[in-house]
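Residue numbers begin at 1 in each chain, while the letters A, B, ... track the order of the sequences.
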2 protein chains.
Amino acid sequence: MPRSVDVARLAGVSQKTVSRVFNDEPYVSADVRRRVLDAAEQLGYRLNNAARALASGRTRSIGVIALGTALYGPASLLLGIERAARDTGYALHVVSTAEGDPAGVAGAVSSLLDQGVDGIVVSEPIDDGPVPVKVDVPVLVLGAPPAFAAPRVLTASVNAHDMARVATEHLLDLGHATVHHVAGPQRWFAAKDRLDGWRAALAARDAAEPPVFEGDWSAGSGYEAGRQLPADATAVFAANDDMAIGLIRALTEAGRKVPEDVSVVGFDDVPVAAYVTPPLTTVRQPFDSVAREGLALLVHAIEQPGQALPVTDGQQVDLIVRASTAPPPA
Amino acid sequence: MPRSVDVARLAGVSQKTVSRVFNDEPYVSADVRRRVLDAAEQLGYRLNNAARALASGRTRSIGVIALGTALYGPASLLLGIERAARDTGYALHVVSTAEGDPAGVAGAVSSLLDQGVDGIVVSEPIDDGPVPVKVDVPVLVLGAPPAFAAPRVLTASVNAHDMARVATEHLLDLGHATVHHVAGPQRWFAAKDRLDGWRAALAARDAAEPPVFEGDWSAGSGYEAGRQLPADATAVFAANDDMAIGLIRALTEAGRKVPEDVSVVGFDDVPVAAYVTPPLTTVRQPFDSVAREGLALLVHAIEQPGQALPVTDGQQVDLIVRASTAPPPA
DNA sequence: GTGAAAGCGCTAACAC
DNA sequence: GTGTTAGCGCTTTCAC
């Protein structure tokens, strides 16, 4: 592998000048810059990242702790983070944690620190208690209040609370006396937020708050919820689309028509939501913009430590009305 | 940040001995090992990866080129790769490419090489023509024949051909005269394999081969296929579950009952497959085992270059029969 | 605008 | 079993 000295020799300049060119530093004449780039091209030179990291103390990479699940939400968020990271010029290290993993987030953080990342993103965190690792880089927690003790913890989140409120209000607006809720696992902050938003919407309208069914995000748990849904229920807000689909399946089997007898709203807008029977009313999560905002914060914290963080504004809520919701039966 | 010399000083040994302990090298007495680990613990010492990489010439990391989509298949594969990489002790760098991205795979490879990975995994490749980058590390292509020119290219794949064949045979076995196919985009090797398997199954039974509808993996394209499905068709094999779901939606709207009038088989076994109406017959992809086998090959190629590669055996096919398939109408 | 020297924190090769 | 000596290929600092 060619080194920067080789390029320097061929271009007839010092090694430091090669370094200047490859780091886009000022004070290099256009002529020299050209000669260096030509020489590099000719030799097939690439900057050695390990050497650069060792000398500079920074790796220009960030680590993501993802959930080990192909669920639409977490997978979309991960992709959003990758795109956003690429745009900021940072490389991305990914580690996943399974739910209930004993090593868990602490182990994941530790392995990322071993890899020498400049910052860490915790995607879709679960409330697993405090994280007992000393972290000396900024941490961005996506979708939850600061859940662990590090010197610099940042947060960005989809406004799940408002999204859930809007979904619930949509059903109340249609004339339903109240709205039932099939919640996600309450150890997930994302699930808690949705439940809170639903609760807030009911309270604001003085609607009775029916008991909550807590699912596990799977269509199977939604199905189970559907089998247990009280006979007088006319509207349900499910905390994700998969559970909504399972719920509808159970209702269909029981001879209860959606939306004539029972209206259902989901959450996520998964790609098939428009094509299930009936097409699902749902709210779409703005994964990309959350990832982008969050990473901007993180990069800022990495590159301008100590400085105040830029403020970001919340996203608008995207309610997508399809055929699974209607006024209650007469 | 403490360095290994600091640990050495505290433990009363040489710096090299600290290195030995942290690399699990032999020839360190149990007593010395303990002292070193205690000292490291006390100082909060972590091995510096950049220095290690610079000195050893290896980063112990591999890069993945993932597709920029939250589709169930690609997302599952990515997670499988992450788990497998973790098990082998390699860190994972992820880059995604959007379909039709001009920089494309070449740009992704280049950025991973800049990051200094020891090997590269190309997940779910698309036939985008040759990749014009000089690659000097082993490359594992998951799910396709060697599509690019690098000194060491390996392949591992789900046996999509056989899986498609089994799916098609299931329908023929039920008595259908032939089976229609809603294919995936043919630039994807994965889509091509499924089409070939379907074609092979028909040929083996001397069944007529109806024209193929080429979708784009989305439920919407499956819906479109459903609208165009000939009136005499009684069985369809869709190249993924989302398209199958869209297809069923279109048939339902047209008053054609599934499975009474038309049988449908999907591909993937997405989590909601069992809960759509009707529950979908499909084949499950063994993402985890493919990722595991592939990474074993890659790590072998990294660590024992030149040696023959271990042979891996294909996976069995997992046909999951649910309610979307039945004998043809009388 | 450009260059020389020092050193980032490890591993490799070899001596003891 | 353990220690010594050289780098790995850059960035940093400072001189010109």
I'd like to know if R20(B) reaches the base of dG3(D) with its side chain, counting only an N/O donor and acceptor under 3.5 Å.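 Under the 3.5 Å cut-off, the side chain and the base do form a donor-acceptor pair.
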
Side-chain N or O of [X] closer than 4.0 Å to phosphate OP1/OP2 of [N]:
{"X": "N49(B)", "N": "dC10(C)", "value": "no"}
{"X": "S14(B)", "N": "dT2(D)", "value": "no"}
{"X": "S29(A)", "N": "dT2(C)", "value": "yes"}
{"X": "N23(A)", "N": "dT11(D)", "value": "yes"}
{"X": "S19(B)", "N": "dT11(C)", "value": "yes"}
{"X": "Y45(A)", "N": "dC10(D)", "value": "yes"}
{"X": "S4(A)", "N": "dG9(D)", "value": "no"}
{"X": "R3(B)", "N": "dG9(C)", "value": "yes"}

Under a 4.0 Å threshold between the charged nitrogen and the carboxylate oxygen, would R35(B) count as salt-bridged to D38(B)?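 No.
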
Between R34(B) and D31(B), does any side-chain N to carboxylate O distance fall below 4.0 Å?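 A salt bridge is absent here (no side-chain N lies under 4.0 Å from a carboxylate O).
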
Applying a 4.0 Å non-hydrogen cut-off, can you work out what V13(B) is touching in the nucleic acid: base, sugar-phosphate, or nothing?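 The answer is sugar-phosphate, as V13(B) gets under 4.0 Å only of primed atoms, P, OP1 or OP2.
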
How would you label the contact of V5(B) with the nucleic acid (heavy atoms, under 4.0 Å): base, sugar-phosphate, or nothing?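 The answer is nothing, as V5(B) stays clear of every strand by at least 4.0 Å.
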
Within the 3.5 Å criterion, strictly below it, is a donor on N23(B) or R52(B) matched to an acceptor on the partner's side chain?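 Looking only at side-chain atoms, R52(B) and N23(B) do form a donor-acceptor pair, the distance falling under 3.5 Å.
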
Check the orientation of W188(A) and W217(A). Use parallel for under 30°, tilted for 30 to 60°, and perpendicular for over 60°.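 It falls in the perpendicular class, over 60°.
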
Between A53(A) and T17(B), which is nearer to the 5' end of DNA chain D once each is assigned its nearest nucleotide?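 With T17(B) and A53(A) compared, the 5'-side residue is T17(B).
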
Pairwise 5' ranking along DNA chain D for L54(B) and Q15(B), keeping only the more 5' one: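 Of the two residues, Q15(B) wins.
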
